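First up is the structure itself, then whatever we jot down about it.
Fair warning: this is a prediction, and the values are worked out from it, not measured in the lab. Counting starts at 1 for both ligands and their atoms, in listed order.
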Amino acid sequence: MRSLRPGFTVASLLTGLATLGALLFTAPAAQAADAPLRDLADAQGKVIGTAVTGGKLTGTYAEVAAREFNWLTPGNAMKWESVEPSRGSFNWAEADQIVDFAEANGQEVRGHTLVWHSQNPSWLTNGGFTPAELRTLLMNHIDTEMGRYRGRVEAWDVVNEPFNEDGTYRQTIWSDNLGQDYIAEALTRARAADPSAKLYINDYNVEGVNAKSTALYNLVRSLKERGVPIDGVGLQAHLILGQVPSTFQQNIQRFADLGVDVAITELDIRMQLPATADKLAQQAADYRAVMNACVAVDGCSGATVWGFTDSDSWIPDWFEGYGAATPYDENYAPKPAYHAIAESLGGTTQPGDGCTATYSVVNQWNTGFTGQVRIACTDTALSAWKVNWTFGAGQRISQAWNANCTQSGTAVSCTNASYNGTVPPGGSVTFGFNGTWSGSNPVPEVTLG
Ligand code: XIL
């Protein structure tokens, strides 16, 4: 029996349904979600951190931040304009909150940042101070902030973004007034302010081997030769989809060979919106490449993401039309990038683990049929999906709904529509299609990505 038509007898209808039932294909049983990233990282002796916003540390945001990460960086709370908005008047509330949260959850803190050209209070930048006054202000700032958290902040980005793209020193309030040795002065002062803290210079566009990273390399080498305290470099890694530098690992290795730690400090990978299943897959590959480069080098201590959810990322505000840069979507659903990070830290999840796709033929007549695919998740979630299959008997899709389907030869690929990419834990999404068949209409094996 191969046709099912309205108007048949109940008996033949039941026989037909039984036949269809036997044809139903279900993907392999869902695998349990993997261990949290921090447990995987601990097992590798690596750090996995996130930037956080103090005001958001409740509910799901706090749960995920505590469960998945073993380091925290205050995204803004420790910047000069945040801690001393007017001269001599300090506001430590958010920074304290984050340090307390970290201690309560067995996490280390990365202090960010002491000496920078940006996010300084206007009383400082517009104060008309002499170089001597600025030197005193800077040294006091280092003493005050590092002193407050002495012994509680594991590492400090002492100096942030000192270089131009061509490897020359950036002109800033500090280099202009103190000379370019402000970097050595700040590091020396920082060592005295908290001898237990690891001291870093942090910059962006220094992930691959290029003029800027070579300038940083030469600076670190000369600081070490001079006996200036320097424990590590921070590679921010604000990357663009598909543009992980091919020399990332080689660059990490050359810093490690200098005898300093390498930390990936502000990892995010932005894409042009809207996010699609293909872009999210590319992003996962990019996150994997970054993490693999770090895992491969002993001297790389680990990575911190600059916000773990797309709802708490600086990208949409700073790069018009870009976003979706972090490992979780705006509703805290782990994206393919999350699973890629887990895998590079030794985990075994695949995107879509905990989710299954089931193909069924819901109606069939002489040359046509209606099919559907149901995607259901148990303990994990999807933020976008793609279902692929190969038709085994010449079937062709003529029309689909609730998905965008393309067929090339026997290969069919369906991705979510703009409105149904999210499948929450315990939820499901169904899409349908009409097709043609002749001879037989076997149910294909579907894969979910
Ligand atoms: C960003 C914050 O995430 C934003 O909230 C803020 O508006 C601007 O600064 N390099 C750095 C970080 O070192 O401090 C920056 O953080 C991102 C670029």
Next on the checklist: A quick test of your reading: do over 12 heavy atoms of other residues, nucleotides or ligands sit less than 6.0 Å from CG of Asp298?
Outcome noted: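 For Asp298, atom CG is not crowded (no more than 12 foreign heavy atoms under 6.0 Å).
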
Side-chain atoms of residues 120-127: list all donor-acceptor pairs with protein atoms under 3.5 Å, sequence neighbours left out, distances to 0.1 Å.
{"residue": "Asn120", "atom": "ND2", "partner": "Trp116", "partner atom": "O", "Å": "2.8"}
{"residue": "Trp123", "atom": "NE1", "partner": "Glu84", "partner atom": "O", "Å": "2.8"}
{"residue": "Thr125", "atom": "OG1", "partner": "Pro121", "partner atom": "O", "Å": "3.4"}

Checklist entry - Can you say whether the rings of Trp80 and His141 are parallel (under 30°), tilted (30 to 60°) or perpendicular (over 60°)? => result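 Trp80 vs His141 ring planes: parallel.
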
Item to check | Amino acids contacting ligand 1, non-hydrogen cut-off under 4.0 Å | outcome: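 Answer by chain and number: Asn76, Lys79, His112, Trp116, Gln119, Asn160, Glu161, Gln236, His238, Glu266, Trp306, Trp314, Trp318.
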
Checklist entry - Thr265 and side-chain hydrogen bond (donor to acceptor under 3.5 Å, both in side chains): which partner among Thr304, Thr73, Asn202? => result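 The passing option is Asn202.
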
Checklist entry - Is a side-chain N or O of Thr136 found less than 3.5 angstrom from the main chain of Ala132, in a donor-acceptor match? => result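 Yes: the side chain of Thr136 pairs with the backbone of Ala132.
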
Checklist entry - Between Asp157 and Arg110, is the closest basic N to carboxylate O distance under 4.0 Å? => result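 Here Arg110 pairs with Asp157 in a salt bridge, since their nearest N and O are under 4.0 Å apart.
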
